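Single-structure report; data block below.
Owing to the predicted nature of the structure, the values given are computational and were not obtained by experimental measurement. Computed over heavy atoms, backbone and side chain alike; hydrogens, waters and symmetry mates excluded. Residue numbering restarts at 1 for every chain, and letters A, B, ... go by the order of the sequence lines.
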Amino acid sequence: MTETIEEFASVDKPPSYYEKLNRDINELNNRLHAFNLLSKIDRGVPFSVKDNICVNGVESTAGSPILKGYIPPFDATVVEKIKQASFSFIGKTSMDEFGFGTFGINCDTPAKNPFDEERVAGGSSSGAAVATAILKHHIAIAESTGGSISAPAAFCGVVGFTPTYGAVSRYGLIDYANSLDKIGVMARNSSDLRYAFDIIRGTDDYDSTCTNRAIENFSTNKLTVIKELVENVDSEILEPFNSLLDTLKGQGYSVEYKSLEILKQSIPAYYIISMAEASTNLAKYTGFKYGHKNMEFTENYNLFFTNSRTAFGTEAKRRVILGTFVRSASVKNRYYFKALNIRNTIIAALKETLKDSLIISPTMPVFTPKFSEVKELTPVQNYSMDAITIPPNLSGLPHMSFPYTYLNGMPVGAQIVTDHFNDYALISFLEAWEKSFKPKFKYNIGAI
Amino acid sequence: MKIGLEIHVALPTKTKLFCRCLNQDNEVPNLNICPICMGFPGSKPMLNREALRISLSITRALKCKTNDRVSFVRKIYFYPDLPKSYQITQLYEPSGFDGEVNITGKTIRIRRIQLEEDPAKILREKNYSLLDFNRSGVPLVEIVTEPDIYSEDEAHEFLYELRSLLYYQGIDIDREMKADLNISLADERVEVKNITGIKNLMDAARYEIKRQSLLIEGGRQVLKETRSYDESRKITETSREKESDEEYGFIYEPDLTEYYSIDVNIPVPIIARHIAHELSVSYGFNLKTLSELIYFDKDSLRLVEYAKNKYDSQSIINLLEILKRFDCTSIKDKVFDALMDLLKRKIDITKETIIKLEKGMQIESVYSSPERIDEIIRAFLQKNTDMVEKYKKDRKVYDFMVGSITKNFGLQSKLVSERLSIVLKDIIDNN
């Protein structure tokens with residue numbers, strides 16, 4: 001964020017700028033529902049935080065009514081780090097309940113796409129993507145479990161960066177599926193992205209899965225397109241994607257095609273593991289220590305807990321039920337353990353491909369859908385929308401969605417994946433791409 | 001009759017298993033708590049390596065096998081004392097498995113040793129219950145035996161051995177121990193859950209033996225059931241628990257990584273039973289007496305190791321028994337030697353003697369009488385007749401003699417100097 005940091009941190013801006021920013025955000029918020037809370041804006045570069053990441057003293061609900069009123073008494077490690085770097089916290093961003101969703105509709109007030117308010121913003125980090133698309137100078141701290149950064153970034157035309165699992169501390173993240181959850185960044189350009197990533201990454205005494213491994217920058221000119229990732233993509237998306245490949249070839253990249261059959265199993269493996277873990281994470285919401293309080297104390301504790309949990313949304317309930325089933329003793333080998341094995345096989349297969357190339361694909365298999373279209377989808381159709389974002393997420397591989405064209409006024413994103421702890425290669429790729437492509441935005445709040 | 005035990009002991013770590021809260025009893029409820037042991041959304045566990053080390057050390061003392069990689073699981077069940085609604089425990093790669101504890105004439109197999117967190121404490125009042133989270137997250141080790149215990153005596157001896165093994169791992173099993181007792185005299189297993197303390201465990205076992213024997217003698221069936229123990233009435237009662245196996249839906253704890261047991265440095269465990277046996281064979285100690293002295297006293301064990309090559313076994317035992325009586329086993333080696341000397345010369349040892357020796361005050365109190373000092377000097381000179389001869393030729397040896405006696409017997413040089421000339425004169429004159 002080199003330029004913008006200097007602009008805000010070292011130059012003495014009059015307070016009126018922040019007042020204007022606050023007013024603008026408020027006004028837009030009424031239409032786009034990107035933020036579910038706004039704090040007083042201080043000085044410093046604005047940053048927003050996805051609602052499932054704890055900010056000391058600020059209500060953090062992870063988009064769920066069951067956590068209404070939960071005010072964490074601590075900052076998530078990433079929030080602590082970014083606050084120390086003199087960024088200014090401006091608010092929590094809306095999301096699908098606990099991250100359960102691809103379109104941002106599994107919550108009270110779904111965020112709308114700033115390019116077309118009849119269309120979804122994508123999920124689950126919907127608010128983060130919208131905020132990035134409307135604010136000129138801003139960093140969004142988002143989180144991805146199975147594609148929650150890539151999907152909304154693609155639909156809202158911003159860069160969505162999901163680091164290697166373990167590169168960024170998860171302490172303070174309200175868990176969806178702990179072995180899959182990754183905190184990442186959304187931004188408008190590579191310099192902001194690099195600046196924010198350098199602040200938030202690194203080992204943490206409060207997260208055992210967070211490592212101090214060095215982040216590499218092994219660049220390559222070889223791109224691999226995997227058949228299983230593109231075969232179910234709508235033709236209206238596939239056409240511009242093929243043009244993108246031609247453009248990249250013109251810039252000196254080579255493109256190879258390859259088939260990885262095992263990737264067909266990534267959706268079931270992902271949903272089994274994520275639901276199994278989610279159903280245990282959601283067990284703690286029993287309605288008497290924080291968030292939603294059940295004040296009916298007349299029944300025995302089993303009934304009390306059952307009644308408390310009616311506050312979950314439909315998708316959360318579905319995942320608790322399915323997740324509890326797949327880890328039950330009689331079927332655990334067939335589902336949970338099998339999924340863990342498949343995950344290992346997929347990781348090995350992808351790493352083999354990533355040895356000397358980057359994997360490139362469209363981010364989403366469909367054109368940004370309208371709210372009315374999404375409502376018609378069955379749960380399984382919904383889950384299949386994650387087909388391309390799941391493999392890197394399931395494998396903990398760093399990946400990034402970046403805007404590369406506009407179709408009927410809507411941005412379209414592509415996803416690029418690299419090997420574990422080679423995250424900088426993605427940022428380097430983006431730096432090169434920015435030389436030939438300038439993203440467009442409908443709003444530029446904060447522009448002076 | 002077959003008895004199997006599941007024993008939970010709290011580990012003596014400074015902090016809790018997954019957070020930095022103090023692991024200590026606190027009279028003020030909910031004082032040692034934080035977002036982690038309260039299970040607040042967003043918090044994550046961080047393993048206390050010392051707890052892992054102790055669990056692996058116990059594993060070794062109980063001759064268990066250990067996995068190269070130790071892992072944790074979530075055990076999911078709903079209960080008000082469980083803040084996350086799951087307990088972090090071990091299942092697939094526990095700290096230890098397939099171990100054994102030796103008792104007289106047989107081996108009690110250990111099925112599993114696992115490290116886990118304690119839930120909060122429930123304080124039940126008449127119309128309501130209170131929760132104290134000070135205990136939430138305290139590290140526990142659960143030791144599960146095979147049903148290899150066939151009598152009350154064996155149960156007693158097993159617990160005695162286990163307590164000693166754990167004592168040498170720094171655990172005071174008498175302080176807090178919880179056990180589940182599985183006991184079957186006939187075909188069906190009866191489980192008595194949540195018994196606190198060794199005494200209650202033995203009482204519960206005795207009650208069940210009697211109850212089940214009476215049923216069998218009366219030609220009635222012993223039912224497979226879960227019972228609880230009532231301390232005040234010393235009886236077990238049926239608890240209204242379902243008998244079906246509970247579904248805990250275990251999954252790996254994804255917030256913790258795997259831990260390599262080889263990375264943990266574990267000293268060779270002290271097994272008092274083996275040591276007592278070896279000492280009795282090699283040095284002629286009375287096995288029973290020695291065992292009683294060292295099973296729960298690492299200081300006594302240290303003194304035995306120190307003294308075994310210097311003194312005869314019976315003298316060591318005699319002195320240790322005196323020290324034990326005065327609760328004074330943690331003395332310095334030098335003091336032990338001084339006491340051994342007193343014992344040899346049949347001088348009474350009192351608690352005061354020991355305390356004064358420990359404080360370096362021996363001269364005035366123990367050897368204050370000139371007769372005693374003369375006695376010591378004479379004994380010394382008898383052993384070192386060459387010194388007397390040297391002295392006859394060269395009076396300069398005098399200072400050296402004073403120094404040797406002072407050092408060897410821990411006396412004050414002024415007193416020795418005064419008495420030595422008199423004793424020497426007496427010896428030389430009388431020869």
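Heavy-atom distances place the side chain of I76(B), and not its backbone, under 4.5 Å from chain A. Heavy-atom distances place no part of L82(B) under 4.5 Å from chain A, backbone and side chain included. Interface residue F337(A): only side-chain heavy atoms are found under 4.5 Å from chain B. Neither the backbone nor the side chain of I53(A) comes within contact range of chain B; no heavy atoms are under 4.5 Å apart. Interface remark: F18(B) contributes no atoms to any contact with chain A (heavy atom separation under 4.5 Å). Neither the backbone nor the side chain of D181(A) comes within contact range of chain B; no heavy atom of the residue lies under 4.5 Å from a heavy atom of that chain. Proximity to chain B (any heavy atom under 4.5 Å) is shown, for N300(A), by neither the backbone nor the side chain. Heavy-atom distances place both the backbone and the side chain of N281(A) under 4.5 Å from chain B. With a 4.5 angstrom heavy-atom cutoff, Y171(A) touches chain B via backbone and side-chain atoms both. Only the side chain of Y290(A) comes within less than 4.5 Å of a heavy atom in chain B; its backbone stays farther off. For chain B, the nearby part of T286(A) is the side chain; its heavy atoms alone come within less than 4.5 Å.
Ranked by heavy-atom pairs under 4.5 Å with chain B, the list L282(A), N52(A), T280(A) is led by T280(A). Interface summary for chain A: among F78(B), Y252(B), Y128(B), the most heavy-atom pairs under 4.5 angstrom belong to F78(B).
Evaluation of the salt bridge (charged side-chain N to carboxylate O under 4.0 Å, His left out) rule for E253(B) yields R74(B) as partners, not counting sequence neighbours.
Applying side-chain hydrogen bond (donor to acceptor under 3.5 Å, both in side chains) to K44(B) and the options T209(A), N178(A), D207(A), D175(A) leaves one that passes, D175(A).
Under the 4.5 Å side-chain criterion, counting only non-hydrogen atoms from C-beta, P35(B) is not in contact with P72(A).
The distance from the CE atom of M38(B) to the NZ atom of K284(A) is 11.5 Å, given to the nearest 0.5 Å.
L67(A) approaches P41(B) most closely through the heavy-atom pair CD2-CG, 3.8 Å.
Classified by interplanar angle (parallel below 30°, tilted 30° to 60°, perpendicular above 60°), the ring pair Y70(A)/F40(B) is perpendicular.
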